Structures are given as structure tokens and as C-alpha cells.
Amino acid sequence: MSDIDRPLLVGNDHAVEQPYPVRLRGTVMRGFGRGGKELGIPTANLPEDVSQYAGQFIETGIYYGWASINSSETIYPMVMSFGWNPYYKNEKRSAEVHIMHKFDEDFYEKDLRVIVAGFIRPEKNYTTLEALISDINFDIQVAHSSLARGPYAALKEDIFLKPSPASL
Ligand code: ADP
Ligand code: RBF
Ligand code: MG
């Protein structure tokens with residue numbers, strides 16, 4: 001049994017409200033390698049200048065939206081952690097994207113584009129790794145159900161994520 005007690009739907013059902021959607025793009029960087037190994041939840045880290053840029057629009061916290069790699073046709077749902085990772089006491093604010101898809105290979109160095117569609121919750125500190133992992137798994141469920149609503153689903157078609165006409 002999970003003791004997580006928060007809603008599965010976040011954000012206005014009828015419209016994506018400002019400042020969303022927030023569009024971010026950057027090369028996937030190497031981090032400490034904790035996401036995959038310790039949590040079983042890999043996160044593709046965006047460059048520092050991109051998290052600086054994001055900070056103009058959004059507060060630290062956990063977000064949901066859509067992502068693409070190298071502007072390919074395939075668009076994936078994603079959850080993003082933007083902040084200081086209090087559990088790990090990081091010194092830098094990072095933007096880390098977990099794509100809700102099982103990949104056979106890493107995609108370091110590739111161009112990651114994300115559309116942040118809404119806020120899920122503030123960052124928390126945890127006493128155990130298990131508690132952090134269950135919260136992240138719940139965030140993934142929240143993202144799934146929240147993105148299924150019309151205005152959020154429509155963002156999947158945003159041209160920002162897709163191949164440019166010249167590359168077709
Ligand atoms: P790091 O600290 O280097 O970010 P992680 O353990 O968080 O290490 O793993 C992140 C890397 O794993 C990403 O940069 C990407 O190349 C790869 N990866 C594989 N599957 C996924 C996924 N579903 N979401 C995000 N990254 C993934
Ligand atoms: N780290 C925290 O310290 N507190 C959090 O509340 C938190 N929430 C997260 C939610 C999601 C959806 C993801 C993908 C990560 C979250 N993390 C959080 C970050 C986690 O600590 C991070 O991915 C690892 O530090 C690996 O880089
Ligand atoms: Mg990572």
C-alpha cells in the first residue's frame with residue numbers, strides 16, 4: 001500500500017495556464033550517475049545555462065510534459081526535476097528529465113527538447129531512498145493522467161519538438 005495522498009491530476013483541466021508551456025532545449029550532459037544506478041530512474045541532465053534560463057520562468061520543483069531526442073518524430077511523456085535535489089544536497093540547481101520510455105541505449109550528447117506543461121509538486125527532502133523512489137513513481141502516474149487531457153495532449157504536436165521541415 002502506498003501512503004502517498006495527493007491528486008493524480010494537476011493544473012487546470014481546460015487550459016494550459018501561464019507560464020506554461022515552457023520550452024527548453026540542450027545537449028544531454030553527464031551527471032553523477034545516480035539516477036539510473038541508485039534510483040532505477042535515469043534522468044537526462046540539461047546543461048547549466050539551460051537550467052539558468054528555465055529559472056526565469058519556473059520555480060524549483062517537479063514538472064511534467066513532453067520530450068524529444070534529436071528532434072525525431074517520436075515524442076515521449078516526461079517528468080522533470082528542477083532544483084537542488086535536497087536528498088543529495090547538490091550545490092547546483094539542475095534540470096533533469098526522466099523520459100517515460102525504456103531505452104536500449106544512453107543518449108548522452110544528443111539534443112534534448114522538452115515542453116514543460118505544468119507543475120506537479122515542490123521538491124522534498126526524504127529520510128530514505130525508498131520514499132524518494134515512491135514519490136517519483138507517483139509523479140510518473142500524475143504526468144500520465146495529467147497529459148491525457150486535451151490541451152496538454154495537444155502540446156505533443158508542438159513543432160518545437162519535431163523535425164524541422166529542412167531535415168524531413
Ligand atoms: P547522469 O547522472 O549522468 O545523468 P543517470 O543515471 O541519471 O546519470 O542516467 C542518465 C542517462 O541515462 C541519460 O543521460 C540518458 O543518456 C540515459 N537514459 C536512458 N534511459 C533514459 C530515460 N528513460 N530517461 C532519461 N535518461 C535515460
Ligand atoms: N530529489 C530530491 O531530493 N527531492 C525530490 O523531491 C525529488 N523529486 C524528483 C522527482 C522526479 C520526477 C525526478 C525524476 C527526480 C526527483 N529527484 C528529487 C531528483 C533525484 O534526486 C535525482 O534524479 C537524482 O539526484 C539523480 O540525479
Ligand atoms: Mg541524471
Side-chain angles (χ1 to χ4, degrees), residues 2-11 20-52 54-55 58-148 152 155-156 161:
S2 157
D3 55 5
I4 296 175
D5 181 23
R6 51 187 169 97
L8 267 173
L9 287 175
V10 290
Y20 313 106
V22 172
R23 296 174 180 83
L24 305 173
R25 163 197 187 179
T27 305
V28 176
M29 309 299 286
R30 277 180 197 279
F32 299 108
R34 291 170 183 148
K37 280 190 215 83
E38 276 183 46
L39 306 174
I41 305 162
T43 57
N45 298 25
L46 284 165
E48 224 180 297
D49 61 319
V50 177
S51 69
Q52 291 261 344
I58 58 175
E59 307 284 319
T60 59
I62 313 308
Y63 293 86
Y64 67 101
W66 300 105
S68 67
I69 298 164
N70 283 354
S71 308
S72 85
E73 287 286 352
T74 318
I75 314 297
Y76 305 100
M78 67 88 189
V79 282
M80 181 178 86
S81 159
F82 179 57
W84 306 96
N85 301 157
Y87 181 81
Y88 288 107
K89 300 185 171 52
N90 285 359
E91 268 142 42
K92 280 190 198 147
R93 187 176 55 185
S94 68
E96 301 178 26
V97 177
H98 172 68
I99 297 182
M100 291 148 59
H101 177 81
K102 171 94 184 69
F103 291 91
D104 293 329
E105 278 169 20
D106 285 348
F107 45 90
Y108 288 111
E109 316 273 286
K110 301 217 169 144
D111 181 58
L112 174 65
R113 291 177 181 236
V114 305
I115 293 198
V116 182
F119 176 81
I120 301 183
R121 63 174 174 90
E123 281 192 294
K124 279 174 58 182
N125 202 348
Y126 296 90
T127 48
T128 65
L129 197 59
E130 289 65 36
L132 170 61
I133 293 169
S134 4
D135 244 2
I136 296 176
N137 284 322
F138 196 82
D139 295 331
I140 290 170
Q141 294 184 53
V142 172
H144 259 308
S145 51
S146 297
L147 287 169
Y152 298 85
L155 287 174
K156 191 178 180 183
L161 298 171

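Here the structure is a predicted model, which is why all the values come from computation and not from measurement. Counting starts at 1 for both ligands and their atoms, following the listed order.
- Contact shell of ligand 2 (protein heavy atoms, cutoff 4.0 Å): R34, G35, L39, T43, I62, V79, S81, N85, P86, Y87, Y88, E96, R121, E123, K124, Y126, L132, I136, D139.
- Results of the side-chain contact (heavy atoms from CB on, under 4.5 Å) test with E130 over T128, T127, I133 single out T128 as the only residue that passes.
- The backbone N or O of N85 lies less than 3.5 Å from a partner atom in the side chain of E123, making a donor-acceptor pair.
- Closest of all the heavy-atom pairs between H144 and P77 is CE1-CG, 4.3 Å.
- Near R30, the atoms of ligand 1 lying under 4.0 angstrom from a non-hydrogen atom of the residue are 3 (O).
- Between Y63 and F119, the ring planes lie perpendicular to each other; the angle is over 60°, past the 30° to 60° tilted range.
- Shown in contact with F32 at under 4.0 Å from a heavy atom are these atoms of ligand 1, numbered in order with element: 2 (O).
- For K102, no heavy-atom contact with ligand 1 is shorter than 4.0 Å.
- Summarising the geometry, atom OG belonging to S146 is positioned 6.5 Å from atom CD1 belonging to I120; distances are rounded to the nearest 0.5 Å.
- Below 3.5 Å of separation, one finds an N or O of T43 facing an N or O of ligand 1.
- Under a 3.5 Å cut-off, the side chain of S72 and the backbone N or O of S68 do not form any donor-acceptor pair.
- Protein heavy atom at the shortest distance from atom 18 (N) of ligand 1 is F107 CE2, 3.6 Å.
- Applying the 4.0 Å criterion to heavy atoms of V97 picks out, from ligand 1, the atoms 25 (C).
- Considering backbone and side-chain atoms together, M29 places no N or O closer than 3.5 Å to any N or O of ligand 1.
- Note that the CG atom of N137 and the CD1 atom of I140 stand 5.0 Å from one another [nearest 0.5 Å].
- By the 4.0 Å N-to-carboxylate-O rule, R6 lies close enough to D135 to be salt-bridged with it.
- N45 contributes no side-chain N or O that, together with a main-chain N or O of E96, makes up a donor-acceptor pair within less than 3.5 Å.
- The side-chain contact (heavy atoms from CB on, under 4.5 Å) with M80 is formed by just one residue from the set D139, T43, I58, I62; it is I58.
- The backbone N or O of A117 lies less than 3.5 Å from no partner atom in the side chain of W66, so there is not a single donor-acceptor pair.
- Between I41 and ligand 1 there is no heavy-atom distance shorter than 4.0 Å.
- When heavy-atom distances to ligand 1 are checked against a 4.0 Å cut-off, V28 comes that close only through its side chain, counted from C-beta outward.
- Here the CZ atom belonging to R113 is positioned 8.0 Å from the CG atom belonging to L161, to the nearest 0.5 angstrom.
- Under a 4.0 Å criterion applied to the non-hydrogen atoms of N45, ligand 1 contributes the atoms 4 (O).
- Close contacts between ligand 1 and H101 involve ligand atoms 23 (N) [criterion: under 4.0 Å to a heavy atom].
- For ligand 1 and F103, the ligand atoms under 4.0 Å from any heavy atom of the residue are 20 (N), 21 (C), 22 (C), 23 (N).
- Which parts of ligand 1 touch G36 is read off a 4.0 Å heavy-atom cut-off, strictly below it: atoms 5 (P), 6 (O), 7 (O).
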